[in-house]
Amino acid sequence: MTEPRQIQIAGIGSPHGDDQAGWELVRALQQRGLSQAQFHLSRTPDDLLNWLDSGQTLVVCDACRGAGEVGSVHRWQWPSAELKQMSWSGTHQISLPGVLSLAEQLGQLPEQVVVWGVEVSEMSLGEKISSVVAEGITQAVESICREWAVTESVEVDHA
């Protein structure tokens with residue numbers, strides 16, 4: 001029997017300013033109706049450990065700093081030395097690379113992990129998301145949908 005490959009999509013962030021980037025990315029992807037996806041909103045990367053499934057692809061969406069111009073979109077395949085050098089959204093207690101490394105040590109890390117980041121500058125409590133970051137989110141959604149449309153046609157055979 002052939003089953004379509006499942007994907008877990010996690011947005012990491014908060015309801016404040018540009019730190020909303022990960023959550024808004026996931027909300028926009030939900031509206032696109034990716035049929036094989038399960039969506040999660042997390043305040044911190046360590047929330048990933050509560051529902052990771054090593055048999056499913058993991059896509060993480062988050063705000064990042066240090067990769068480029070504000071509003072730029074970045075994609076990394078885990079493991080990545082570059083990810084370990086990045087500064088992630090300011091509300092995290094444990095870094096995203098730290099959580100992914102821990103998940104790997106616990107045997108919970110999926111074989112394929114893709115991290116999407118939207119570059120942000122300052123994150124302040126209560127502020128709306130900036131227009132330049134909102135444009136980056138739109139660009140990231142289009143890129144993820146294009147990538148997933150190609151990937152979605154790949155099916156896993158469980159003979």
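The residues of the chain are indexed from 1 along the displayed sequence. When reading the values below, keep in mind they use all heavy atoms of this one structure, side chains included, and skip hydrogens, waters and symmetry mates.
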Revision key, fill the gap. To the nearest 0.5 Å, atom CD of Gln31 lies from atom CG of Leu29 at 9.5 Å

**Study point:** Crowding at CD, Glu69 (>12 non-hydrogen neighbours, <6.0 Å)
**Key:** no

Practice item. Look only at the side chain of Asp18 and the backbone of Ser130, and say whether a donor-acceptor pair between them is shorter than 3.5 Å. Key: yes

Practice item. Answer whether the closest heavy-atom distance between the side chains of Ser14 and Arg43 falls below 4.5 Å. Key: yes

Check your understanding: Is the backbone N or O of Ser143 less than 3.5 Å from a side-chain atom of Trp148, with the two atoms forming a donor-acceptor pair by type?
Key -> no

Study note, to complete from the structure: So CD1 of Ile129 and CD of Glu135: to nearest 0.5 Å the spacing works out to 11.0 Å

Revision key, fill the gap. On a heavy-atom basis, the closest approach of Pro45 and Val99 is O-CG1, 3.4 Å

**Study point:** Close side-chain approach of Ser54 and Gln108, heavy atoms under 4.5 Å
**Key:** no

Review point. Minimum heavy-atom separation for Cys145 to Arg32, with atom names?
Key: SG-NH1, 3.5 Å

Review point. Is there a side-chain contact between His40 and Val26, using heavy atoms and a 4.5 Å cut-off?
Key: no

Revision key, fill the gap. CH2 (Trp78) and CG (Leu96) are apart, to the nearest 0.5 Å, by 7.0 Å

Exercise for review: Say whether Trp76 and Glu82, considering side chains only, have a donor N or O and an acceptor N or O under 3.5 Å apart.
Suggested key: yes

Check your understanding: Going through the checks in order, is the side-chain contact (heavy atoms from CB on, under 4.5 Å) test met by Ser121 and Val132?
Key -> CA-CA 10 Å; Ser121 59; Val132 69; over 6 Å; no

Revision key, fill the gap. The reported gap from CG in Leu83 to CD in Gln77 (rounded to nearest 0.5 angstrom) is 10.0 Å

Check your understanding: Which atom pair, heavy atoms only, marks the closest approach of Pro110 to Leu52?
Key -> CD-CD2, 4.0 Å

Review point. Got a donor-acceptor contact below 3.5 angstrom from the Gln112 side chain to the Thr57 backbone?
Key: no

Check your understanding: Looking at CG of Leu25 and CD1 of Ile12, how far apart are the two atoms once the value is rounded to the nearest 0.5 Å?
Key -> 11.5 Å

Review point. Could you give the distance from CG (Leu100) to CD1 (Ile94), rounded to the nearest 0.5 Å?
Key: 11.5 Å

Practice item. Examine distances only and state if a side-chain atom of Glu24 and a backbone atom of Ala21 form a donor-acceptor pair shorter than 3.5 Å. Key: no

Check your understanding: Under a 4.5 Å cut-off applied to non-hydrogen side-chain atoms, are Trp116 and Val141 in contact?
Key -> no

Exercise for review: Specify the closest pair of heavy atoms between Val133 and Glu119, including all atoms of both residues, with the distance to one decimal.
Suggested key: CG2-O, 3.7 Å

Study note, to complete from the structure: Note: Gln20 and Pro15 closest approach over all heavy atoms is CG-C, 3.6 Å

Exercise for review: Answer whether the closest heavy-atom distance between the side chains of Cys64 and Val115 falls below 4.5 Å.
Suggested key: no

